[in-house]
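Please read the structure below before turning to the comments.
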Amino acid sequence: MTELDLESELNPEQISAVTHGEGPQLVLAGAGTGKTRVITYRVAWLVRERGIDPASIVAVTFTNKAASEMRERTEQLLGQAPLATFLGTFHRFSLGLLRRYGERVGVAPGFVIFDRDDQLKLVKRGLEAEGLAEQSFPPRKILAAIGSAKNRLLDAASYAEQAYGFFNERVAKVFRHYQGELRQANAVDFDDMLALAVRLLREDSTLAERMREQIRYLLVDEFQDTNHAQLKLVEKLAGPAGNLTAVGDEDQGIYRWRGADLDNILRFEKSFPGATVRKLERNYRSTETILEAAGEVVSHNRDRRGKSLWTDAGAGAPITLYWAGDEQDEASWLIGRLQELSRDELQWSDMAILVRTNAQTRALEEELMSRGMPYTLVGSVRFYERAEIKDVLAYLRFLRNPHDNLALERILNQPPRGIGPATKEMAEQEAASSGISFWDYLSHSDLGNLPARSRCALEGFRDVILELQRVSEEPSLAKLVSRVLRDTGLFDLYSQADEESAARRENLQEFVSAVEEFSERHGKDEVASGEALIRFLDHVSLVSDLDSWQVERGVSVMTLHSAKGLEFPVVAVAGLEEGLLPHFNARELAEDIEEERRLLYVGMTRAKQILLLTSSRRRRVAGRYQNQEPSPFLSEIPDRLLDVVESPIRLHDPRVAGVERFFGGSLPPGHRVLKDEETGVPGGVSKGRRVRHGTLGTGVILEVEGEGEDLRITVFFDRAGKRKLLARFAKLELI
DNA sequence: CGGCAATGTGTTTTT
DNA sequence: CACATTGCCG
């Protein structure tokens with residue numbers, strides 16, 4: 001057993017946070033200041049030095065990955081395993097509560113969790129039922145409104161009460177419908193998990209009291225990303241004077257769009273009066289240059305308490321900013337640069353490329369592939385969201401909960417077994433006229449009223465399910481899954497030799513392995529298969545791709561959001577352009593722009609030694625080339641910290657810069673860009689190009705100076721000789 | 001009923 | 001450009 005040596009392992013600020021006594025404390029921990037360390041040491045200290053029962057400590061993190069890291073490190077510190085402390089996400093915690101006491105808030109045991117696709121389907125059905133067109137009421141928008149209502153702890157009824165205006169009143173109707181269907185299916189959505197947990201604790205004060213007594217110390221990580229429901233949950237569990245340690249950094253709040261409320265951290269003392277507030281400002285991760293640049297950027301935000309990070313790591317290398325021609329050029333320079341760096345002592349796994357949107361990863365991936373460099377793409381194609389996997393999951397969900405009619409709908413004719421829309425419609429009618437559910441009708445009626453063909457198809461489906469239900473009584477989850485794959489014909493669906501089929505087969509096999517691994521880790525003998533099935537389905541709903549990601553193979557490519565909490569010796573943030581970062585959809589509200597700035601801040605502060613930034617003049621967006629302006633955030637980085645590299649392509653290859661670029665994004669009236677086939681050379685205003693002028697005739701470009709409105713072009717006209725023209729006025733046509 | 005083709009559409013981040 | 005949805009035909 002190792003000694004807990006705080007003095008030599010922690011700095012004074014960290015020590016006071018770790019050894020904080022009773023009452024709430026907020027630890028404002030800047031990027032790289034060792035907040036994980038504080039949490040793990042605090043848990044270890046409470047157990048070791050204070051003799052606190054580990055089971056009475058609850059530590060909530062934002063991702064499962066963070067939780068398992070903390071578990072590992074804490075167990076290491078204590079030299080014992082496994083710890084009885086709850087260490088997991090808000091959602092996992094809430095789900096645990098609901099699995100035990102859910103009946104008190106209206107969810108029957110065995111309820112399932114609807115994913116985003118299910119949610120959208122419910123919204124669409126609600127729209128249809130209310131006679132609303134998807135065009136004027138985009139399902140995603142409706143769903144966002146419902147989600148945000150739930151985050152604010154409004155149920156359908158109270159939402160309807162306060163909904164004003166045309167749009168919101170319709171949302172309220174869809175919301176009511178949506179919630180009704182959830183209940184009918186005995187299902188909850190993601191936001192329900194939190195909202196119902198809060199409701200449970202509000203309505204059952206005895207339970208709340210018991211929980212508060214049991215949880216003697218509550219620790220919450222990434223507090224800046226908590227939403228209203230999560231704050232209320234924390235308040236319920238800790239009590240106003242409770243032993244809460246909240247750790248967070250308002251400069252790293254990047255989940256506003258998901259309901260996160262920065263006020264939770266900015267006005268912490270309002271929720272927890274008398275709280276001690278500490279700051280961790282000593283950074284152990286990055287160089288001075290990186291810290292200063294990132295600090296300058298984020299200092300432009302208004303919504304912050306403000307802190308200044310420092311390090312004694314020394315200045316380090318300057319930040320390199322590359323002005324790329326287009327996204328291929330960007331990828332090629334960036335990855336070339338990484339290749340150069342790998343000749344030093346750096347490994348591929350020491351490097352990460354961070355982007356704002358998943359779409360940006362394409363060009364990067366192509367470049368990495370073509371150079372044969374090892375890389376891992378994080379999170380773009382989620383395993384459990386692949387169609388073939390969702391099919392199996394739908395069967396499992398339905399077996400566990402026959403009220404899950406979304407799952408039923410999915411599997412009814414998958415694989416195709418002759419149950420088309422017409423058959424489905426008829427059977428639904430029959431079920432409805434008998435006043436029973438669709439499945440009850442299928443399993444308990446003789447289907448005599450249906451045409452023979454439909455009847456046979458439905459009976460086939462019924463028999464498959466009934467047989468599988470028998471299998472699911474047996475204890476082995478893995479066996480059930482393979483039976484599902486075999487008996488339903490799902491696996492045979494992909495028996496062809498083509499690549500896609502093979503990939504899907506592999507995925508299904510991987511799924512079976514995942515089930516086996518899960519069963520082994522969760523003691524397969526102890527629980528009945530039904531219980532195991534619930535646990536597995538919960539697990540699937542709660543894990544993300546990032547959770548299983550390890551810095552193992554190659555360069556990591558991921559979104560800025562996924563990068564939170566990680567660090568790499570070399571970090572590149574690509575696509576620093578207006579419209580991407582800050583993102584187009586976040587350009588209106590000051591709060592949204594500040595969040596985009598924080599996103600860049602998060603990205604920059606992931607870097608330990610080397611930070612690369614790129615900004616492209618041109619980018620393919622939805623298949624069309626678009627001219628891009630540099631991100632305004634770039635000008636917030638002091639010049640002296642930047643090494644600027646200009647794409648060589650721009651200097652001599654007008655293909656990339658493009659004529660639009662020279663005209664500041666739009667061509668003057670009367671001008672057009674000739675198609676490449678028309679000129680033989682891809683269009684662009686550059687030296688040597690021939691042009692035609694309305695009155696001066698044809699000529700050749702000698703010089704191009706200035707930009708945008710000030711763009712001046714010197715042309716040697718065949719008839720009129722040398723003339724300097726302001727491109728804004730002169731009607732020049734490239735020929 | 002099922003598969004395919006053509007058409008049209010929209011583009012963020014995810015526990 | 002990629003995806004989803006729609007419409008058509010076997």
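By convention in this document, chain letters (A, B, ...) are assigned in the order of the sequence lines, proteins followed by strands, and residues within each chain are numbered from 1. The analysis underlying the following values was restricted to heavy atoms, covering all of them including side chains, and did not include hydrogens, waters or symmetry mates.
Regarding N151(A), its CG atom lies at a distance of 17 Å from the P atom of dT14(B), rounded to whole Å. At whole-Å resolution of the value, CG in L143(A) and P in dT14(B) are 16 Å apart. L599(A) places its CG atom 14 Å from the P atom of dT12(B), with the value rounded to the nearest Å. Straight-line distance from the CZ atom of R587(A) to the P atom of dT12(B): 12 Å, rounded to whole Å. Straight-line distance from the CZ atom of F114(A) to the P atom of dT15(B): 20 Å, rounded to whole Å.
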Could you go through nucleotides 4-11 of chain B and list every protein N or O atom that sits under 3.5 Å from one of its N or O atoms, giving the distance for each pair?
{"residue": "dT11(B)", "atom": "OP2", "partner": "R140(A)", "partner atom": "NH1", "Å": "2.8"}

Hey, what are the protein-to-nucleotides 2-6 of chain C N/O distances that come in under 3.5 Å?
{"residue": "dA2(C)", "atom": "OP1", "partner": "R362(A)", "partner atom": "NH1", "Å": "2.7"}

Verdict with reasoning, Y601(A) to E596(A), per side chain to side chain contact (heavy atoms under 4.5 Å, CB included): CA-CA 9 Å; Y601(A) 177 77; E596(A) 298 290 305; over 6 Å; no
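Taking the C1' atom of each, dT12(B) and dT5(C) are spaced 23 Å apart, rounded to whole Å.
Between the side chains of E222(A) and Q224(A), at least one donor N or O lies within less than 3.5 Å of an accepting N or O.
Comparing E596(A) and S454(A), the nucleotide of DNA chain B nearest to each residue sits closer to the 5' end for S454(A).
Among the heavy atoms of the strands, none lies under 4.0 Å from R92(A). Note on A422(A): only backbone sugar-phosphate atoms sit closer than 4.0 angstrom, heavy atoms only; bases stay farther off. Within 4.0 Å (heavy atoms only), N413(A) reaches sugar-phosphate atoms of the nucleic acid but no base atom. Residue contacts shown for R417(A) are limited to sugar-phosphate atoms, with no base heavy atom under 4.0 Å away.
Between dC1(C), dG3(B), dT13(B), one nucleotide has an atom nearer to the side chain of T357(A) than all others, and that is dT13(B).
For dT15(B), the OP1/OP2 oxygens have no side-chain nitrogen or oxygen of N227(A) closer than 4.0 Å. A close approach under 4.0 Å does not occur between any side-chain nitrogen or oxygen of S562(A) and OP1 or OP2 of dT13(B). Look at T559(A) and you'll find a side-chain N or O under 4.0 angstrom from OP1 or OP2 of dT14(B).
Looking at heavy atoms from C-beta onward, K232(A) lies out of side-chain contact with L194(A) at the 4.5 angstrom threshold. Contact of the D326(A) side chain with the R619(A) side chain is not registered, since no non-hydrogen atoms from C-beta on lie closer than 4.5 Å.
Of the residues V198(A), V60(A), L200(A), the one that meets the side chain to side chain contact (heavy atoms under 4.5 Å, CB included) test with L233(A) is V198(A).
Note: W257(A) and H561(A) have perpendicular aromatic rings, judged against thresholds of 30 and 60 degrees for the angle between ring planes.
For the side chain to side chain donor-acceptor pair (under 3.5 Å) test, no residue two or more places apart in sequence or in another chain qualifies with Y255(A).
Under the 6.0 Å cut-off for aromatic ring centres, F190(A) and F114(A) do not qualify, their centroids lying 6.0 Å or more apart.
Around atom CD of E72(A), no more than 12 heavy atoms belonging to other residues, nucleotides or ligands sit under 6.0 Å away.
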